[in-house]
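Numbers restart at 1 for each chain; the letters A, B, ... are given by sequence-line order, proteins then strands.
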Protein chains: 2
Amino acid sequence: MDIRTRLISTAEQLFDRHGFTATGMDRLTQAAGISSRTLYKHVGSKNGLMAAVLNERDRRFHRRINADSVDALFGALETWFAEEGARGCLFLRAWGETGGSVPEIVEVMARHKERLRQRIDDIVVAEIGHRDDELTEAILLLFEGATHAATYRGGAAVEGARRAARRLIEGARTQGLSS
Amino acid sequence: MDIRTRLISTAEQLFDRHGFTATGMDRLTQAAGISSRTLYKHVGSKNGLMAAVLNERDRRFHRRINADSVDALFGALETWFAEEGARGCLFLRAWGETGGSVPEIVEVMARHKERLRQRIDDIVVAEIGHRDDELTEAILLLFEGATHAATYRGGAAVEGARRAARRLIEGARTQGLSS
DNA sequence: CTCAGTGTAAAACGATCACTTTACATGTAC
DNA sequence: GTACATGTAAAGTGATCGTTTTACACTGAG
């Protein structure tokens with residue numbers, strides 16, 4: 001495996017399991033099996049590594065939740081949690097640990113969340129035939145809530161979110177959401 | 001003001017704004033205006049301080065969202081964010097930064113989340129006249145989603161959650177949620 | 001008067017932090 | 001065959017980590 005790939009996926013695991021600040025560079029280089037000199041050649045700094053990890057996670061996450069229905073969306077989220085564990089949104093966590101003061105991290109988080117909104121917007125159109133911002137917002141909030149709650153309640157949270165989302169979709173289909 | 005109270009509220013602010021691990025004890029003692037010896041007499045360790053902060057926040061939070069309707073619940077959340085800022089659930093953040101390996105923190109978070117569920121359960125009964133676990137779960141997820149999303153989208157997230165919750169309540173009132 | 005309790009200031013603890021440097025081994029390309 | 005890019009190991013940078021210790025001041029109660 002490519003050195004950079006190995007570094008970033010190792011870092012993602014350690015950051016996710018133990019936190020960003022709590023994970024030192026020594027532990028990182030040791031786990032990835034590379035020298036610290038090589039690490040700094042590749043990512044420049046710890047903040048650079050964090051940003052690189054989040055960028056890669058963004059790509060992987062959106063590839064995995066590439067769904068065209070609410071059921072498929074929450075199904076994909078459930079699979080993600082089953083395979084990767086649920087420890088809260090890694091973007092929010094990075095943002096919180098750095099106090100929102102690292103521009104690279106703020107940027108990648110904004111991009112990630114914007115993509116999520118667009119994906120759900122597309123799903124809403126596929127489900128009810130036209131855009132509906134209020135419905136998109138509701139499903140997005142359920143999605144975020146499930147991500148949040150799965151940390152302490154496990155996969156059941158996703159099932160609850162899916163059911164609520166389906167109900168809102170049905171309501172919008174039969175009478176319009178603004179009735 | 002009592003020394004312990006001052007210490008804990010100072011620590012809550014610093015932890016919330018800059019992260020738990022990133023906030024050192026020197027910065028803490030300096031901001032609270034006490035010596036490190038006194039700090040350790042009062043809370044024993046940094047983990048002890050974190051747990052004490054979360055306990056106090058739990059008390060304060062539940063006193064503030066003591067509502068008996070969905071509107072009042074989300075109204076209280078919006079006020080909370082306006083006054084204290086929205087930087088994500090401090091319990092989840094503490095849990096994430098410690099990798100879930102500090103028992104005192106795991107406990108206080110579990111208690112906090114359980115209380116939140118009970119509060120919403122009561123609200124559901126007040127709104128539709130009987131318990132409805134699925135509806136409670138849905139509103140809880142919207143509440144968590146709003147907490148989560150307000151970090152990067154501001155108070156508008158709370159308004160979206162309130163609207164979706166009201167819609168689900170109305171649905172449950174007219175036809176029952178299990179229709 | 002004294003003693004216990006509670007506070008301060010400041011130094012010291014070894015460990016670890018993010019990061020850099022020095023010195024050396026590769027393989028590949030011109 | 002020499003120059004360059006890319007890697008390693010390992011020591012060193014000064015700063016900061018959480019925590020403990022030493023030495024001293026103040027206060028209220030017996």
Side-chain angles (χ1 to χ4, degrees), chain A residues 1-55 93-106 108, chain B residues 1-55 93-106 108:
Chain A
M1 199 195 326
D2 179 51
I3 271 197
R4 194 189 152 89
T5 308
R6 189 173 72 220
L7 165 61
I8 288 179
S9 85
T10 304
E12 184 181 345
Q13 278 190 45
L14 290 179
F15 285 157
D16 187 34
R17 279 185 223 280
H18 310 290
F20 291 87
T21 316
T23 304
M25 301 305 260
D26 279 9
R27 200 172 178 185
L28 230 27
T29 51
Q30 197 182 335
I34 62 173
S35 68
S36 71
R37 199 176 200 272
T38 303
L39 187 150
Y40 280 94
K41 280 266 160 91
H42 277 285
V43 294
S45 66
K46 191 181 191 181
N47 285 339
L49 176 58
M50 288 170 63
V53 162
L54 293 179
N55 258 307
R93 290 171 59 195
W95 187 88
E97 288 204 37
T98 55
S101 66
V102 180
E104 317 155 74
I105 291 173
V106 173
V108 70
Chain B
M1 196 193 332
D2 179 52
I3 272 200
R4 193 189 153 89
T5 307
R6 189 175 69 221
L7 165 61
I8 288 180
S9 85
T10 304
E12 182 180 346
Q13 277 191 44
L14 290 179
F15 285 157
D16 187 36
R17 279 184 222 280
H18 309 291
F20 291 87
T21 316
T23 304
M25 300 304 261
D26 279 10
R27 201 172 176 184
L28 231 25
T29 52
Q30 196 182 336
I34 62 173
S35 67
S36 70
R37 198 176 200 274
T38 304
L39 187 150
Y40 280 94
K41 279 267 162 88
H42 277 286
V43 294
S45 66
K46 191 179 191 184
N47 284 339
L49 175 58
M50 289 170 63
V53 163
L54 293 180
N55 259 307
R93 290 171 59 195
W95 187 88
E97 288 205 35
T98 54
S101 66
V102 180
E104 314 155 77
I105 291 174
V106 173
V108 70

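In terms of the side-chain contact (heavy atoms from CB on, under 4.5 Å) criterion, residue partners of Asn55(B) (sequence neighbours excluded) are, by chain and number, Val108(B), Arg111(B). Scanning for salt bridge (charged side-chain N to carboxylate O under 4.0 Å, His left out) contacts around Glu104(A) gives an empty result, with sequence neighbours left out. In terms of the side-chain contact (heavy atoms from CB on, under 4.5 Å) criterion, residue partners of Thr10(B) (sequence neighbours excluded) are, by chain and number, Arg6(B), Leu14(B), Ala31(B), Ala32(B).
Once rounded to the nearest 0.5 Å, the distance linking CG of Leu39(A) with CZ of Arg4(A) reads 10.0 Å. For the atom pair Glu12(B) CD and Leu54(B) CG, the distance stands at 8.5 Å (nearest 0.5 Å). Rounded to the nearest 0.5 angstrom, Ile3(A) CD1 and Thr38(A) OG1 are separated by 6.0 Å. Separating the CG atom in Asp2(A) from the CG atom in Leu7(A) is a distance of 9.5 Å, to the nearest 0.5 Å.
Near DNA chain C, meaning a heavy atom under 4.0 Å away, there are no residues from residues 11-18 of chain B.
As a whole-Å value, the separation of Phe20(B) CZ from dC17(D) C1' is 18 Å. One atom, CD of Gln30(B), and another, C1' of dT16(D), lie 14 Å apart when rounded to the nearest Å. Atom OH in Tyr40(A) sits roughly 17 Å away from atom P in dT22(C) (whole-Å rounding). Remark: P of dG18(D) and CG of Asn47(B) are 10 Å apart, rounded to the nearest angstrom. Taking atom CG of residue Asp26(A) and atom P of nucleotide dT20(C), one finds them 14 Å apart after rounding to whole Å. Straight-line distance from the CE atom of Met25(B) to the C1' atom of dT20(D): 12 Å, rounded to whole Å. Atom pair Leu7(A):CG and dT6(D):C1' shows a separation of 15 Å (rounding to whole Å applied). dA18(C) atom P lies 10 Å from atom CG of Leu49(A), rounded to whole Å.
Across Ser101(B) and Pro103(B), no two heavy atoms sit closer than the pair O-CD, 3.5 Å.
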Write out a two-atom table: protein N or O, nucleotide N or O from nucleotides 7-11 of chain C, distance below 3.5 Å.
{"unit_1": "dG7(C)", "atom_1": "OP2", "unit_2": "His42(B)", "atom_2": "NE2", "d": "3.3"}
{"unit_1": "dT8(C)", "atom_1": "OP2", "unit_2": "Ser35(B)", "atom_2": "N", "d": "3.3"}
{"unit_1": "dT8(C)", "atom_1": "OP2", "unit_2": "Ser35(B)", "atom_2": "OG", "d": "2.9"}
{"unit_1": "dT8(C)", "atom_1": "OP2", "unit_2": "Thr38(B)", "atom_2": "OG1", "d": "2.2"}

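Residue Thr29(A) is classed as having no contact, given no heavy-atom separation below 4.0 Å to the nucleic acid.
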Listed pairs under 3.5 Å, donor-acceptor, residues 40-53 of chain B side chains, sequence neighbours left out:
{"unit_1": "Ser45(B)", "atom_1": "OG", "unit_2": "Gly48(B)", "atom_2": "N", "d": "3.1"}
{"unit_1": "Lys46(B)", "atom_1": "NZ", "unit_2": "Phe20(B)", "atom_2": "O", "d": "3.0"}
{"unit_1": "Lys46(B)", "atom_1": "NZ", "unit_2": "Thr23(B)", "atom_2": "O", "d": "2.8"}

